[in-house]
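All values reported here derive from a predicted model rather than from experimental measurement. Only heavy atoms go into these numbers, but all of them, side chains included; no hydrogens, no water, no symmetry mates.
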Amino acid sequence: MDSPLKNGIHHGQNGVEGNDRLPKKPKLSVPITSAEIADEFAHHDPSVARINNGSFGSCPSSVLSAQSAWQRLFLRQPDQFYFDRLRPAILRSRLAIRDLISADDVEEVSIVDNATTAAAIVLQQVSWAFSEGRFDKGDAVVMLHYAYGAVKKSIHAYARRAGGHVIELEALYPGVYKNVHEYGNKYCKGGAFGLYQGASNHEELHNLMKATVMIRRLKKDVLSELPVKRRQQVFLDLNEKDMKQIRALFRELETVKNAIQIGKSIEDIESLKIIQKNLINKIYTESAEAKIPAVIDYLGTVIEAGIKFLIFAHHQPMINSIHQFLLKKKVGCIRIDGGTPPSLRQALVTDFQEKEDIRAAVLSIKAGGVGLTLTAASTVIFAELSWTPGDIIQAEDRAHRIGQVSSVNVHYLLANDTVDDIIWDVVQSKLENLGQMLDGHENTLAVSVSQMSSSPGKQATLDSFLKRCGGSMEEEPSRPKYPRN
């Protein structure tokens, strides 16, 4: 009979393991010493080479001890270990990653132990796409030349068996883009949150791409018969109590920003940048929660107009609130988000396109923004924005595509002094960079100015708002939110 583990894990009634967790190793208050390192690897055979100072080929004794404890737990009661410990722990990790990357649904997040497993998941998705008719027989799967050899063979085998074929591309143009670092240092400088996340030397890159790899055709040239698309900004008045937390987060963000500017070491600055990014994501989430009542109020007006419409959002609380409101008002609607099985999505689209009593489509920007034809509606509403301009334009084009016979009206529901102020400027800046690199001139989301008079006020940039948050909110007169044309 197994004896209880010495680390505090015990059996409860009927031999079922209790709720005690493995004790956490205390945080080190001083750097690890040479003696402690020697103790960690004392079990290692000195006659056997140890690669990379022990990080590969020899495992520290503390890790071996923890691994042994978890193995004993598993072997003692495998089912209970899996259902009560392992599966909930994996779910917590996936939820944390979902929030970190702002994914629509936890099902979009997979945790794998190596690149080969990740490739297998992608290949499975490709096979399903062929079998479900989302890809046609003979379609090509594009593979980068730099994939691992074993992964390449798997891609070829899966694609051929599913009815497709593989096209292998060099990730960088040979002889021009020598390596990723040379490319990044020249054309991707200026990013705030990491290496190669900025944009630089736009004109040179545009000319280089035109001369080497880029043949570009624009939608307006290929589909010139499409009706016009009009965009409008609609400004929402939010409840003051809902704004308190957002303002507090902006003040915290300003503190972190100032700390980055005076940071003394690269390590400190990088750590603060991670905090800064997490704060912005938190503002993103809090802004969605604060906007819900005003969005619902606006939807009431849209429903009274009796039109068909698409409404896009990102966060689940916003999507849930919109969907529940429509159901409460007995408005026929469909919903497509990360939790909607791919096999059901086309049937929902068909219902929206063909049934007069279905007047609304509630869509997540990621899951509902690509691959769907929803031309039965000519009104598109964004309850939230995406950080990626391509996501926004693709979502707009669910209605603005072949089959549309009416002008498409796009309404952006924005709120002052929320994350919308940041995202709008970020999206415009990204479009300007993309326009310079792809087309040789700046592009923006061109919006109507007809709604500007109803705006309660907006700061021109994030910095000016942060300045206001740092002091009195009345010190600087508000400026209206403006579209960039």
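- With salt bridges taken as basic N to acidic carboxylate O contacts below 4.0 Å, one links Glu240 and Arg247.
- Checking side-chain atoms of Gln353 against main-chain N and O of Thr375 turns up a donor-acceptor pair under 3.5 Å.
- Shown here for Leu385 and Ile423, the closest heavy-atom pair between the two residues is CB-CG2, 3.6 Å.
- Between the Lys291 side chain and the Leu238 main chain, no donor and acceptor come within less than 3.5 Å of each other.
- Between Leu299 and Phe309 the shortest side-chain heavy-atom distance falls below 4.5 Å.
- The minimum heavy-atom distance between Val295 and Ala383, with the atom names listed, is CG1-CB, 4.0 Å.
- In terms of heavy atoms, Leu327 sits closest to Cys333 at CD2-SG, 4.2 Å.
- Going from atom OG1 of Thr255 over to atom CD1 of Ile260 covers 11.0 Å, rounded to the nearest 0.5 Å.
- Going from atom CD1 of Ile322 over to atom CD1 of Ile296 covers 5.5 Å, rounded to the nearest 0.5 Å.
- Listed for the Ser68 side chain is no donor-acceptor partner under 3.5 Å among the backbone atoms of Ser65.
- In terms of heavy-atom proximity, Arg335 sits nearest to Leu348 at O-CD1, 3.6 Å.
- Between the CD1 atom of Ile269 and the CD atom of Gln261 there is a distance of 10.0 Å, given to the nearest 0.5 Å.
- Not counting sequence neighbours, Lys430 has no partner by the salt bridge (Lys or Arg N to Asp or Glu O under 4.0 Å) test.
- Asp268 contributes no side-chain N or O that, together with a main-chain N or O of Gly263, makes up a donor-acceptor pair within less than 3.5 Å.
- Without hydrogens or angle criteria, Ser287 side chain to Val419 main chain gives a donor-acceptor distance under 3.5 Å.
- Electrostatic pairing of Lys282 and Glu252 does not count as a salt bridge here, judged by no charged N lying under 4.0 Å from a carboxylate O.
- With a 4.5 Å cut-off on side-chain heavy atoms, Arg85 and Trp70 count as touching.
- Taking OG from Ser407 and CG from Leu226, the interatomic distance works out to 10.5 Å, rounded to the nearest 0.5 Å.
- Note that CD1 of Ile365 and CD of Glu384 are 6.5 Å apart. Values are rounded to the nearest 0.5 Å.
- Under the 4.0 Å criterion applied to side-chain N and carboxylate O atoms, Asp397 and Arg401 are not assigned as salt-bridge partners.
- Aromatic ring pairs are classed by plane angle as parallel below 30°, tilted from 30° to 60° and perpendicular above 60°; the pair His314 and Tyr284 is parallel.
- The backbone N or O of Gly390 lies less than 3.5 Å from no partner atom in the side chain of Thr388, so there is not a single donor-acceptor pair.
- Residues Phe325 and Val362 fail the side-chain proximity criterion, which asks for heavy atoms closer than 4.5 Å.
- Residues Trp387 and Ile280 meet the side-chain proximity criterion, which asks for heavy atoms closer than 4.5 Å.
- Across Phe352 and Ala377, no two heavy atoms sit closer than the pair CZ-CB, 3.8 Å.
- Between Asp421 and Asn416, the shortest heavy-atom distance links the atoms OD2-C, 3.7 Å.
- In this structure the side chain of Arg92 reaches within 4.5 angstrom of the side chain of Pro88, judged on heavy atoms.
- Distance alone, capped at 3.5 Å, is enough to place a donor-acceptor pair between the Ser364 side chain and the Ala367 backbone.
- In this structure, the side chains of Gln232 and Asn409 stay at 4.5 Å or more apart for every pair of heavy atoms.
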- Would you please test Val349 and Leu374 for side chain to side chain contact (heavy atoms under 4.5 Å, CB included) and show each step? CA-CA 7 Å; Val349 169; Leu374 298 165; 3.9 Å; yes
- Can you list the steps and then say if Arg231 with Glu396 is a side chain to side chain contact (heavy atoms under 4.5 Å, CB included)? CA-CA 10 Å; Arg231 299 184 180 100; Glu396 291 177 347; 2.7 Å; yes
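- Note: Leu431 CG to Leu438 CG = 10.5 Å, rounded to the nearest 0.5 Å.
- Proximity of Gln436 to Asn433: side-chain heavy atoms (C-beta onward) are separated by under 4.5 Å at one or more points.
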- Message: With side chain to side chain contact (heavy atoms under 4.5 Å, CB included) as the criterion, how do Gln233 and Trp424 come out once you've worked through the C-alpha distance, each side chain's angles and the decisive distance to 0.1 Å?
- Response: CA-CA 11 Å; Gln233 296 169 318; Trp424 187 263; 3.1 Å; yes
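- Atom CD of Glu203 has 12 or fewer heavy atoms from other residues, nucleotides or ligands within 6.0 Å.
- Looking at Leu73 and Gln80, their side chains never come closer than 4.5 Å, going by heavy atoms from C-beta outward.
- Classification of the His411-Tyr298 ring pair by plane angle, with boundaries at 30° and 60°, yields tilted.
- Contacts of Asp297 classified as salt bridge (Lys or Arg N to Asp or Glu O under 4.0 Å), with partners at least two apart in sequence or in another chain: none.
- Ser321 places a side-chain N or O within donor-acceptor distance of the main-chain N or O of Pro317, the cut-off being under 3.5 Å.
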- Task: Report the C-alpha separation of Arg359 and Ile307 in whole Å, then their side-chain angles, then the decisive distance to 0.1 Å, and conclude whether the side chain to side chain contact (heavy atoms under 4.5 Å, CB included) test is met.
- Result: CA-CA 7 Å; Arg359 293 165 48 199; Ile307 59 174; over 6 Å; no
